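Everything on this sheet refers to the single structure shown next.
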Protein chains: 2
Amino acid sequence: MDRKKETVTIYDVAREAGVSMATVSRVVNGNPNVKPLTRKKVLETIRRMGYRPNAVARGLASKKTTTVGVVIPDISYAFFAELTRGIEDIANMYHYNIILCNSDLKKNKELQLIEALFEKQVDGLLFLGGEVTEEHREIFSGSDIPVVLAATQDEKVKNRPFVTIDHVQAAKEATGILIREGHQRIGFVGGPLTDPIIGYPRYLGYKEALSESGLPFEEKWIQLGNYRYDTGLKATKELLMMEEGPTAIFAVNDEIAVGAIHAAQDLGKRVPEEISVIGFDNIPLATQVRPLLSTVAVPMYDIGAVAMRLLTKYMNGEPIENNQVVLEYRLELRDSTQLKETPDSV
Amino acid sequence: MDRKKETVTIYDVAREAGVSMATVSRVVNGNPNVKPLTRKKVLETIRRMGYRPNAVARGLASKKTTTVGVVIPDISYAFFAELTRGIEDIANMYHYNIILCNSDLKKNKELQLIEALFEKQVDGLLFLGGEVTEEHREIFSGSDIPVVLAATQDEKVKNRPFVTIDHVQAAKEATGILIREGHQRIGFVGGPLTDPIIGYPRYLGYKEALSESGLPFEEKWIQLGNYRYDTGLKATKELLMMEEGPTAIFAVNDEIAVGAIHAAQDLGKRVPEEISVIGFDNIPLATQVRPLLSTVAVPMYDIGAVAMRLLTKYMNGEPIENNQVVLEYRLELRDSTQLKETPDSV
DNA sequence: CTGTTAGCGCTTTCAC
DNA sequence: GTGAAAGCGCTAACAG
């Protein structure tokens with residue numbers, strides 16, 4: 001076969017089948033306005049010649065690439081991996097492909113990535129994590145490409161579409177569990193507070209819960225690092241070895257929380273009898289630890305799926321009833337806290 | 001500004017700057033054959049007009065898209081997520097973007113995905129996991145697009161490039177550790193044996209280790225499921241509750257291994273005093289469990305990175321000294337086995 | 001139902 | 001150093 005050398009084009013097929021390029025184009029694109037017999041003939045020569053439509057040429061002519069850009073902090077985090085799976089599944093369902101980019105939450109990298117994606121003429125963009133700065137807004141609004149935010153939102157821009165959960169409220173409720181258990185000294189272990197997506201909102205929720213219950217907020221009970229297990233491990237040891245240290249830990253994510261559990265155990269403290277720990281996200285790890293981790297179940301997959309679905313609506317010009325969706329979370333109380341009944345949600 | 005409505009093209013820039021399209025193209029592409037003054041002038045009007053090169057048009061004209069396809073079983077597995085991170089980092093370094101596709105190890109989905117990626121004119125393809133069947137080979141060889149396999153290889157096709165580790169040997173060594181500890185009854189917990197990438201080779205290694213040591217191979221000590229924690233948990237309970245059950249478990253991956261540890265603990269058996277467990281991969285979870293998991297450290301990130309680098313060489317026509325690389329693994333003996341010294345490697 | 005004809009926005013010889 | 005012109009392979013009116 002010679003299909004390897006010469007690339008066969010729509011023109012070749014047309015000539016060979018004795019029809020026009022337009023007709024070939026029609027059958028390739030499933031346009032119904034083709035006589036069945038003609039269609040059959042064309043399909044046959046397509047097969048015979050091993051014709052493969054060139055999506056780049058199609059993209060140039062039609063101004064649609066059926067490709068969307070996805071900018072994400074770091075795919076190696078279970079949270080984002082799961083979310084990305086949701087995105088890709090829906091994208092696939094609607095016949096889109098995704099170009100995946102890791103930003104490491106670095107603003108300049110984000111900006112440069114978005115720019116590159118726009119140059120590639122993606123039909124839409126999903127942006128996750130990272131603060132939406134003025135520069136982001138500028139580049140977003142400088143083009144007609146629809147952008148939806150996932151797992152975050154833009155406080156400043158009223159109508160920027162997004163799909164997320166209420167991080168503050170969830171963190172507040174999670175901390176509330178610890179409070180209901182009777183803990184008076186509750187530690188906080190998290191990533192950087194400068195992170196407007198995870199770090200800060202969850203910190204806020206924690207703080208609000210304390211103040212609403214009249215509990216003391218102690219600067220020294222706040223331990224910060226990154227979002228990894230080791231942070232949870234080290235920070236919690238620190239906390240537990242203090243005089244008057246916390247008796248319960250609110251961790252901003254599950255990896256940290258599991259680190260916290262192990263820290264307690266390493267120090268000979270029993271969880272949850274002596275120390276309660278509550279996490280956030282409900283990644284698989286949460287049920288792969290003993291005791292099972294109590295946590296805030298965040299619908300990661302759904303955030304991705306819903307965000308992608310919303311984006312398809314923009315791309316296809318479908319009517320959109322609600323472009324800012326706040327998904328439900330759920331308190332998943334397992335064995336790292338003593339309370340087993342979810343209180344009436346606020 | 002009107003940059004939102006009318007898209008400004010290279011032609012507009014040329015006209016505005018009083019030069020030809022060719023010149024604009026040259027400065028955009030960093031071609032040195034442009035007088036500094038001209039370059040400056042062009043750059044200036046590019047900035048002023050907010051010109052953004054259209055990569056699709058460029059792709060059509062140049063027959064290069066600077067995009068590579070990545071077909072992977074499931075990004076929500078830590079193993080693949082980490083590997084993908086390695087891929088993306090190197091891709092990024094060489095100014096390529098990746099189109100990520102999850103295949104769920106389904107042959108038809110893989111084939112369809114590869115086809116779609118080829119239609120999109122990716123400059124190269126990274127294929128991970130899943131058996132390489134005759135149909136795969138046909139589609140691969142039916143085009144000039146370079147394909148490299150990662151974390152696997154094609155036994156049948158001699159010169160298909162790949163980057164992987166020696167799964168059989170690694171599994172053999174891991175099992176060997178358990179044997180050296182004196183275990184006589186060693187259980188195997190894995191995914192489907194029909195998986196030619198992970199399941200089968202690792203099973204083979206296990207089996208070889210036993211037979212070389214003259215240890216009994218018992219069908220009933222083989223437990224199969226998927227690659228998740230629950231499989232490890234349930235299968236191991238099954239195993240440990242047998243009369244004459246295994247006293248050590250070789251798990252084909254870390255998630256399963258951690259499930260195995262918890263199964264033992266749930267049954268009141270101590271790890272590693274009563275039951276030894278060894279895993280495979282060395283995902284973060286391996287150090288997020290107590291006792292710390294002994295495992296085979298697979299250079300996941302590197303497999304991705306090296307595979308991507310190899311692919312760039314093909315795409316750029318660089319000379320290639322070795323297109324089939326077998327990376328080193330390492331036995332990481334921690335606390336779920338009793339042996340702490342790595343024996344002399346074979 | 002089918003064909004003709006313009007482009008889509010850029011790269012790439014080939015001249016000058 | 002720079003420009004002119006010919007495509008890259010396809011879609012999208014428009015005409016018939």
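Naming: A, B, ... by sequence-line order, numbering from 1 per chain. These figures come from a predicted structure and were not determined experimentally. When reading the values below, keep in mind they use all heavy atoms of this one structure, side chains included, and skip hydrogens, waters and symmetry mates.
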*With T45(A), the side-chain contact (heavy atoms from CB on, under 4.5 Å) member among V19(A), V13(A), V24(A)*: V13(A)
*Taking heavy atoms of chain B and a 4.0 Å limit, find me the 5'-most and 3'-most nucleotide of DNA chain D within that range.*
dG1(D) to dG9(D)
*asked:* Among residues at least two apart in sequence or on other chains, which ones pass side chain to side chain donor-acceptor pair (under 3.5 Å) with T312(A)?
replied: R309(A)
*How many Å lie between NZ on K63(A) and P on dG7(C), as a whole number?*
13 Å
*How long is the gap from CG on L126(A) to SG on C101(A), to the nearest 0.5 Å?*
12.0 Å
_Pairwise distance CG(N92(B)) to CD1(I87(B)) - rounded to 0.5 angstrom_ = 13.0 Å
*Scan side-chain atoms only and decide if D123(A) and Y314(A) contain a donor-acceptor pair under the 3.5 Å cut-off.*
no
*With sequence neighbours excluded, tell me which residues meet side chain to side chain donor-acceptor pair (under 3.5 Å) with S62(A).*
none
*Between N31(B) (CG) and dT12(C) (P), how many Å, whole number?*
10 Å
_Parallel, tilted or perpendicular: ring planes of F118(B) versus F140(B), cut at 30 and 60 degrees_ = tilted
*Using heavy atoms and a sub-4.0 Å distance, could you list which residues of residues 51-59 of chain A are near DNA chain C? By number, please.*
none
_I need the single residue from V28(A), V27(A), N29(A) that forms a side-chain contact (heavy atoms from CB on, under 4.5 Å) with S25(A). Which is it?_
N29(A)
*Mind checking the CG-CD spacing from L105(A) to E131(A)? Nearest 0.5 Å is all I need.*
10.0 Å
*To the nearest 10 degrees, how far apart in direction are the end axes of the helix from dC1(C)-dG16(D) to dC16(C)-dG1(D), each fit to five base pairs?*
30°
_Donor-acceptor contact below 3.5 Å, side chain D12(B) vs main chain T9(B)_ = yes
*For the residue pair N97(A) and K120(B), what are the closest heavy atoms and their distance?*
OD1-NZ, 2.9 Å
*Using a heavy-atom distance cut-off of less than 4.0 Å, which residues of residues 12-28 of chain B contact DNA chain C?*
M21(B), A22(B), S25(B)
*Output yes when E134(A) and K156(A) qualify as a salt bridge under the 4.0 Å nitrogen-oxygen rule, no when they do not.*
no
_Earlier contact from the 5' end, DNA chain D, for K64(A) and L60(A)_ = L60(A)
